[in-house]
Amino acid sequence: MKTLCLILLLCIFAAALILTYVVKKEQQSNIGNKFLKLIRKFDSWQMMR
């Protein structure tokens, strides 16, 4: 019974770690995309001048 509980806790902990890693990765790529969009807007604005 103790081992089953321990294995279950380990699985939940591992899933939480994987989830946080994926969310962080997604947020970083999202920030990168926003930064690239801003640079493109600035470039197009410079061309219009």
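Count residues from 1 along the sequence. These numbers were taken from a predicted model, which means no experiment stands behind them.
For the atom pair CG of Leu36 and CG of Asp43, the computed distance is 10.5 Å after rounding to the nearest 0.5 Å. Ser44 OG to Ile39 CD1: the interatomic distance, rounded to the nearest 0.5 Å, is 12.0 Å. Here CG of Leu4 is found 10.0 Å from CG of Leu9. Values are rounded to the nearest 0.5 Å.
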